[in-house]
Structure formats: structure tokens, C-alpha cells
Amino acid sequence: MIHFDNVTKVYANQNRPALDHVSVDVDKGEFVFLVGPSGSGKSTFLRLVLKEERPNSGSIHVAGKDLAKLSNFKVPHLRRRIGCVFQDFRLLPNKNVYENVAFALEVIGKPRRFIRKVVPEVIELVGLEGKAHRMPEELSGGEQQRVAMARAFVNRPMILLADEPTGNIDPATSIGIMKVLDRINRTGTTVLMATHDAAIVDSMRKRVVELEDGKIVRDQSRGVYGQAY
Ligand SMILES: Nc1ncnc2c1ncn2[C@@H]1O[C@H](COP(=O)(O)OP(=O)(O)OP(=O)(O)O)[C@@H](O)[C@H]1O
């Protein structure tokens, strides 16, 4: 589903690569944690998957497509098939829960009847039934992140990228967020989550890919946050 072959990314005016000869394969339906210290290249990896950045060398395939050969006008189509969740939720403050989720489908032209059917289903999937008419400011951080996950998932993306999704959420609430990500993963969506949250990584026992100074230093199935000896 995601295939990096010897990928190097050096940002302009930087002498050290953000990613340095990275090769990794993520299969359809996998759940992968991307861990590593601040500045190790996790966000750069996610941006390359979305073709928000281009590598200096190496090749990247996403869902069988060589991103180097993907013309600019096809990039929005790629991004439509990849859901994104961020640390800071990024909800529309003047739309309620239902409208925030529905908006993701409206902008890609889905019919109103379809939207009315699937939005309540996804709101229920993330555990927010009964809260569809709340405004973001009337929700806890954990609930806002559930809305963001519903919005990212409502179009049934093949991949969900999560960049530090529990970064602004207390540990007890984070467990609920991870249950939703696990539920999304069980529908067949490939999940790639960048995180510093050791407790969460240790509790999930999923594949762990660790970056350090832009290099993969560990790739472990059913791993933990720190190196397990
Ligand atoms: N737009 C940019 N321009 C120049 N350098 C950048 C840019 N984005 C990231 N970098 C540099 O690339 C390296 C990797 O950064 P990246 O954001 O991918 O790390 P990260 O592991 O996601 O860190 P964090 O956990 O703090 O988010 C860092 O040295 C960073 O300073």
C-alpha cells in the first residue's frame, strides 16, 4: 500500500537529510506506528506519502502508483483516498459535529442522500452518537479528535495518516481514541500513526518503525516504543 524505496529527502537550506535512504513497505490493512525523537523525520515521511513534498532521490509508491509519475492534476484524487488526523484536530469552528463530517463529503460532490445516510453511521462508529448537533467548542479534546477521525474516515479512505493524534489528549482519553483507530483499521483501512506516546505504542503491540536522524533504526512487528531487548 505504501512502498518507500531508498528515499532521501533534504529540505532546501538544510545540510542534513530529513530522511536518509529510507526503504519500507506497509501492506494493505496494516497498523504501523512511526516513532522516533523530535526531528527524526516522521512528519516528513507522512508529507511524502501525500505528495506534499517530493523526495530528492528514491521512489515512493502509494496504492500502486509511482508518485513521481503522478501528474499534478491527479494529486487531489490521491489525497482524497488518504484520510488525515492531526494533533490539533483542525475542525471548522462554526460548524457542528454533523456539519464538520458532512463537509468532507460535500466538497467532493457526494449526493445529499448519501451524506444523510453515512454521516450518522460514522458519528456512531467514533462513539459520538447523540452529539451530532454540538459545536466543537462544546466538546472535550477527546471528543473533538473523534470528530476529526469521523471526518477523515467518512469517505472510506484506503489509508489513514495520524500525526501525533493523542498529543493534546490526556492518557485515559487517548485509550478511547486508539480504540477508534483500531476500529477503523479493522475495516481494512491501512493506518500509519506518528507518535511520541510510549504508553499507547506499548499497549497496542502493533508494528513499530523507528526513525533516528532520518534513518530507520528499527522495524519490529508487535513492537513497543523503546527498544525491547
Ligand atoms: N519545511 C521544512 N524546511 C526545512 N527543514 C525542515 C522542514 N520540515 C522539517 N524540516 C527538518 O527536517 C527534519 C525532520 O523533521 P520532521 O518534522 O519530519 O521530524 P518529526 O520526526 O516529525 O519531528 P516532530 O516529532 O517534532 O514532529 C528536522 O531536522 C526538521 O528541522
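Every number for a ligand or one of its atoms is a count from 1 in the order of the listing.
- Using a 4.0 Å threshold on non-hydrogen atoms, atom 31 (O) of ligand 1 does not count as touching the protein.
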- Task: Give the C-alpha distance, both sets of side-chain angles, the deciding distance and a yes or no for side chain to side chain contact (heavy atoms under 4.5 Å, CB included) between T195 and I200.
- Result: CA-CA 9 Å; T195 187; I200 286 292; 5.6 Å; no
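- Which of G39, G214, G167 comes nearest to atom 23 (O) of ligand 1 through a heavy atom is settled by distance: it is G39.
- No N or O atom of A18 sits closer than 3.5 Å to an N or O atom of ligand 1.
- Protein heavy atom at the shortest distance from atom 4 (C) of ligand 1 is Y11 CB, 3.3 Å.
- Taking CD1 of I2 as the start and CD1 of I82 as the end, the distance is 7.0 Å to the nearest 0.5 Å.
- R222 CZ: 12 or fewer foreign heavy atoms inside a 6.0 Å radius.
- Taking every heavy atom of both residues into account, T189 and I159 meet most closely at CG2-C, 3.9 Å.
- For atom 19 (O) of ligand 1, the closest non-hydrogen atom of the protein is G41 N, 3.2 Å.
- Near H196, meaning under 4.0 Å from any of its heavy atoms, are these atoms of ligand 1: 25 (O).
- Any N or O atom pair closer than 3.5 Å counts here, and E53 shares no such pair with ligand 1.
- Checking Q14, Q87, K42, K9 against atom 25 (O) of ligand 1, the nearest heavy atom belongs to K42.
- Atom NZ of K65 has 12 or fewer neighbouring heavy atoms from other residues, nucleotides or ligands inside a 6.0 Å radius.
- Among all protein heavy atoms, the one lying closest to atom 27 (O) of ligand 1 is S43 OG, 3.6 Å.
- Distances from ligand 1 to the non-hydrogen atoms of G36 include no value under 4.0 Å.
- Using a 4.0 Å threshold on non-hydrogen atoms, atom 9 (C) of ligand 1 counts as touching the protein.
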- Message: Go through it in stages, so that I can follow the logic: the residues are D182 and K206, the test is salt bridge (Lys or Arg N to Asp or Glu O under 4.0 Å), and I'd like the CA-CA distance, side-chain angles, deciding distance and then a yes or no.
- Response: CA-CA 10 Å; D182 196 42; K206 301 284 190 188; 3.4 Å; yes
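- At a heavy-atom cutoff of 4.0 Å, ligand 1 is contacted by no atom of A194, backbone or side chain.
- The salt bridge (charged side-chain N to carboxylate O under 4.0 Å, His left out) test with E210 is passed by exactly one of K42, R218, K215: R218.
- Using modelled atom types, no side-chain atom of D163 and backbone atom of S43 make a donor-acceptor pair closer than 3.5 Å.
- Contacts with ligand 1 closer than 4.0 Å are made by side-chain heavy atoms of R16 only, the backbone lying farther away.
- Of all atoms in ligand 1, numbered sequentially from 1 with element shown, those under 4.0 Å from a heavy atom of T44 are 14 (C), 15 (O), 16 (P), 18 (O).
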- Task: Step by step, work out the ring pair (Phe, Tyr, Trp, His ring centres under 6.0 Å) result for F33 and Y225.
- Result: CA-CA 9 Å; F33 286 115; Y225 186 83; 9.1 Å; no
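- Annotation: cation-pi geometry satisfied between K110 and F114 (NZ/CZ under 6.0 angstrom from ring centroid, within 45° of ring axis).
- Set against the non-hydrogen atoms of P37, the atoms of ligand 1 under 4.0 Å away are 21 (O).
- Applying the 4.0 Å criterion to heavy atoms of R47 picks out, from ligand 1, the atoms 8 (N), 9 (C).
- Judged purely by atom type and a 3.5 angstrom limit, K9 uses its side chain to pair as donor or acceptor with the backbone of R54.
- In terms of polar-atom proximity, S38 is counted as a contact of ligand 1, with an N or O under 3.5 Å from an N or O of the ligand.
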